[in-house]
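Single-structure report; data block below.
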Amino acid sequence: MEKFEKLSGIAAPMPLVNIDTDMIIPKQFLKTIKRTGLGVHAFDEMRYLDDGSENPDFVLNKPAYREAQVIVAGDNFGCGSSREHAPWALADFGVKVIVSTSFADIFFNNCFKNGMLPIVLPQEQVDLLMKDAEKGSNARMDVDLEKQEITTSDGEVIKFDIDPFRKRCLLEGLDDIGLTLEKAPAIESFESQAAQSRPWV
Amino acid sequence: MSPKTLYDKIWDAHLVDTTPDGTSLLYIDRHLVHEVTSPQAFEGLRMAGRKVHAPDKTIAVPDHNVPTTPGREDPANMTEDSAIQVAALDKNARDFGVHYYPVSDIRQGIVHIVGPEQGWTLPGMTVVCGDSHTATHGAFGALAHGIGTSEVEHVLATQTLIQSKSKNMKVEITGQLRPGVTAKDITLSVIGKTGTAGGTGYVIEYCGEAIRSLSMEGRMTVCNMAIEGGARAGLIAPDETTFEYVKGRPHAPKGAQWEAALTWWKTLFSDEDAHWDKVVTIKGEDIAPVVTWGTSPEDVLPITAEVPDPASFAGGKVEAAKRSIEYMGLTPGQKLSDIEIDTVFIGSCTNGRIEDLRAAAEILKGKKIKDGMRAMVVPGSGLVRAQAEEEGLAEIFKEAGFEWRLAGCSMCLAMNPDQLQPGERCAATSNRNFEGRQGKGGRTHLMSPAMAAAAAVTGRLTDVRELM
Ligand code: SF4
């Protein structure tokens with residue numbers, strides 16, 4: 001997996017609450033059997049007009065935000081389906097960090113598996129970052145995972161929490177499956193025990 | 001021993017390893033796989049030269065993307081990209097040797113209907129699937145959650161999942177339901193009360209007399225939508241209703257193993273003094289037949305209510321409600337029962353089981369759908385379809401003017417050709433009313449099968465109690 005250590009990037013404001021996975025990547029793009037190339041379809045229905053041209057009102061189409069690497073979002077970002085196509089599409093677009101007061105569980109997990117960092121902050125801090133993001137392309141936000149800090153364009157520093165295991169996986173770019181396979185003996189002993197206690201499984 | 005919740009008990013029984021930083025490795029008893037979220041996972045295995053760790057615990061079935069019209073065994077009758085995805089599942093299932101129900105098999109259907117129907121889902125198990133509605137299986141007292149594709153690959157390779165423990169939430173529905181009120185109304189009402197993020201970070205256990213009185217079908221409907229409430233999983237403690245349903249299913253234990261299983265299953269309940277991080281109580285009598293008016297499953301109101309004024313909400317919800325109402329083409333203050341519809345969809349893993357079809361047929365018996373209406377029934381599995389035909393339900397639907405389709409997800413997510421046109425308005429028994437969910441520009445109102453059937457007859461959102 002790709003490592004994540006630090007980022008200095010443009011942040012786009014998306015204050016809408018409940019941005020769901022169908023908005024992030026509509027189902028017609030789930031028919032792929034690959035992980036790549038979904039970036040052009042990220043936020044498809046908001047981003048493009050019926051004739052296929054870009055909707056100039058959509059934030060990521062505005063000149064200031066076309067290169068956004070951070071999204072500051074309304075509550076409950078990523079609710080809906082388990083489709084990992086959602087973080088794949090965001091990552092392919094270039095988004096590495098998403099900040100919100102809350103994320104849907106599966107989406108949150110999926111981000112970490114793709115070298116992305118979802119950050120949960122209290123409402124006031126999200127509001128503050130939202131204002132910062134609304135400034136446009138000047139609003140470069142710095143995100144430092146090691147220090148667990150976001151620095152706004154004004155130099156204000158906001159601390160965030162992260163699960164230590166996930167932090168380590170991101171910083172070192174660790175592969176979950178490889179890590180778990182190191183525990184093969186524990187898995188095998190669980191299985192032989194379960195074969196006794198729950199043989200019907 | 002300190003008192004435990006049902007969730008604690010199942011968690012403890014599957015713990016392979018815990019690390020000092022608090023993450024755990026959970027053993028997975030059943031892994032359900034479908035064609036949309038698995039190709040990249042199998043590809044990952046191939047690239048790393050890995051095998052499926054426990055093929056006998058892995059069950060694959062195509063459902064999301066398959067046509068629901070006759071002749072679908074022939075890939076020529078699928079769109080090209082659907083055919084590629086189904087062919088990939090076919091190949092992966094055979095190459096890796098997992099259990100497989102292709103479209104030509106009468107047991108094929110929506111993965112969350114097939115699992116319980118075949119007895120793959122049993123009390124006390126851990127069940128995962130690359131699909132958020134895996135929560136459905138929680139109706140059996142199984143810890144069931146949806147996972148992403150990277151996790152699908154992880155489970156395929158190791159039969160375990162890295163998890164951190166959720167908090168415990170109890171949702172109690174007391175007393176009895178009033179006539180015309182169903183499991184769907186319960187689950188929608190809970191989300192209406194707690195919001196789509198209300199369950200975030202929790203595993204919900206549904207309990208109370210009204211839940212106990214539900215059939216397994218009804219319980220699956222309730223747990224199915226735990227995810228719409230934001231919860232990682234929904235659970236209902238197993239009881240006689242559960243055991244009765246499970247007994248004799250093809251993959252349920254038999255003989256001495258049945259007895260041993262039953263002994264353990266009977267210990268699967270939350271202890272009297274167990275700790276709950278959050279408790280929500282709703283009186284069964286207070287639940288009305290409900291519909292959704294907006295584009296989030298939390299936008300729930302009794303059918304007797306009116307479209308709300310966005311200004312009546314707080315925070316970011318004001319903008320979201322404005323956007324919803326505009327998208328849905330409604331006016332604040334408009335009576336919900338005046339909203340005219342074009343399409344009715346009965347099906348999905350929420351309400352595509354035999355009991356759902358019976359409830360809808362009961363309303364439709366001897367009636368016709370409104371002129372010009374498009375209505376379809378998509379049974380949840382080939383076996384549900386066959387049973388409905390045997391019971392004469394299919395005839396009722398067809399005579400009323402419904403299309404009688406083959407099993408699959410169909411218009412629940414509209415990946416196949418079953419889609420709404422822009423502006424088309426649908427009464428749906430599925431679980432999501434997101435913008436574009438049933439087709440770009442399509443407008444979805446969620447409700448119970450009986451309510452959807454009533455809407456088909458009158459051509460507008462309808463209080464089913466008027467037709468009872
Ligand atoms: S019926 Fe709908 S919600 Fe259920 S698994 Fe299929 S697409 Fe998902």
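Scope of the values below: all heavy atoms of this structure, side chains included, with no hydrogens, waters or symmetry mates. Note that the coordinates shown come from a computational prediction; the quantities given were computed from them, not determined experimentally. Order of the sequence lines sets the chain letters (A, B, ...), proteins ahead of strands, with each chain counted from 1.
Neither the backbone nor the side chain of B:Glu228 comes within contact range of chain A; no heavy atoms are under 4.5 Å apart. For B:Ala252, no part lies under 4.5 angstrom from a heavy atom of chain A. Of the atoms belonging to B:Thr149, heavy atoms from both backbone and side chain fall under 4.5 Å from chain A. With a 4.5 Å cut-off on non-hydrogen atoms, B:Arg432 touches chain A through its side chain but not through its backbone. Proximity to chain B involves both the backbone and the side chain of A:Arg35, based on heavy atoms less than 4.5 angstrom apart. Both the backbone and the side chain of B:Thr196 come within less than 4.5 Å of a heavy atom in chain A. Both the backbone and the side chain of A:Pro199 come within contact range of chain B, judged by heavy atoms closer than 4.5 Å.
What you find for B:Ser132 and A:Ser81 is that their closest heavy atoms are OG-CA, 3.6 Å. The heavy-atom pair separating B:Ser150 from A:Asn114 by the smallest distance is OG-ND2, 4.4 Å. A:Arg198 and B:Asp29 make their closest contact through NH1-OD2, 3.0 Å (heavy atoms, listed as atom of the first residue, atom of the second, distance). Of all heavy-atom pairs between A:Leu16 and B:Ala320, the closest is CD1-CA, 4.3 Å. Taking each heavy atom of B:Leu413 and A:Lys27 in turn, the nearest pair found is O-CD, 2.8 Å.
Looking at heavy atoms from C-beta onward, A:Ile33 lies out of side-chain contact with B:Glu43 at the 4.5 angstrom threshold. The shortest side-chain heavy-atom distance between B:His53 and A:Ile187 falls under the 4.5 Å cut-off. Taking 4.5 Å as the limit, every side-chain heavy atom of B:Thr200 sits out of range of all side-chain heavy atoms of A:Phe103. No side-chain heavy atom of A:Ile106 sits less than 4.5 Å from a side-chain heavy atom of B:Ile147. A 4.5 Å side-chain heavy-atom check between A:Val201 and B:Lys57 finds at least one atom pair inside the cut-off. Between B:Thr19 and A:Lys183, the closest side-chain pair of non-hydrogen atoms falls below 4.5 Å.
Salt bridge status for B:Arg437 with A:Glu45: absent, with no side-chain N to carboxylate O gap under 4.0 Å. Classification of A:Asp75 and B:Lys317 as a salt-bridged pair fails, no side-chain N sitting under 4.0 Å from a carboxylate O.
Of the residues listed (B:Glu153, B:His154, B:Glu151), the one engaging A:Asp176 in a side-chain contact (heavy atoms from CB on, under 4.5 Å) is B:His154, and it is the only one.
Side chain to side chain, B:Thr37 and A:Glu84 fail the donor-acceptor criterion of an N or O pair below 3.5 Å.
Using the six-membered ring where Trp is involved, B:Trp264 and A:Trp200 have ring planes that are tilted, between 30° and 60° apart.
The backbone N or O of B:Thr79 sits nowhere less than 3.5 Å from a side-chain atom of A:Lys31 that would complete a donor-acceptor pair. Checking side-chain atoms of B:Gln85 against main-chain N and O of A:Leu30 turns up a donor-acceptor pair under 3.5 Å.
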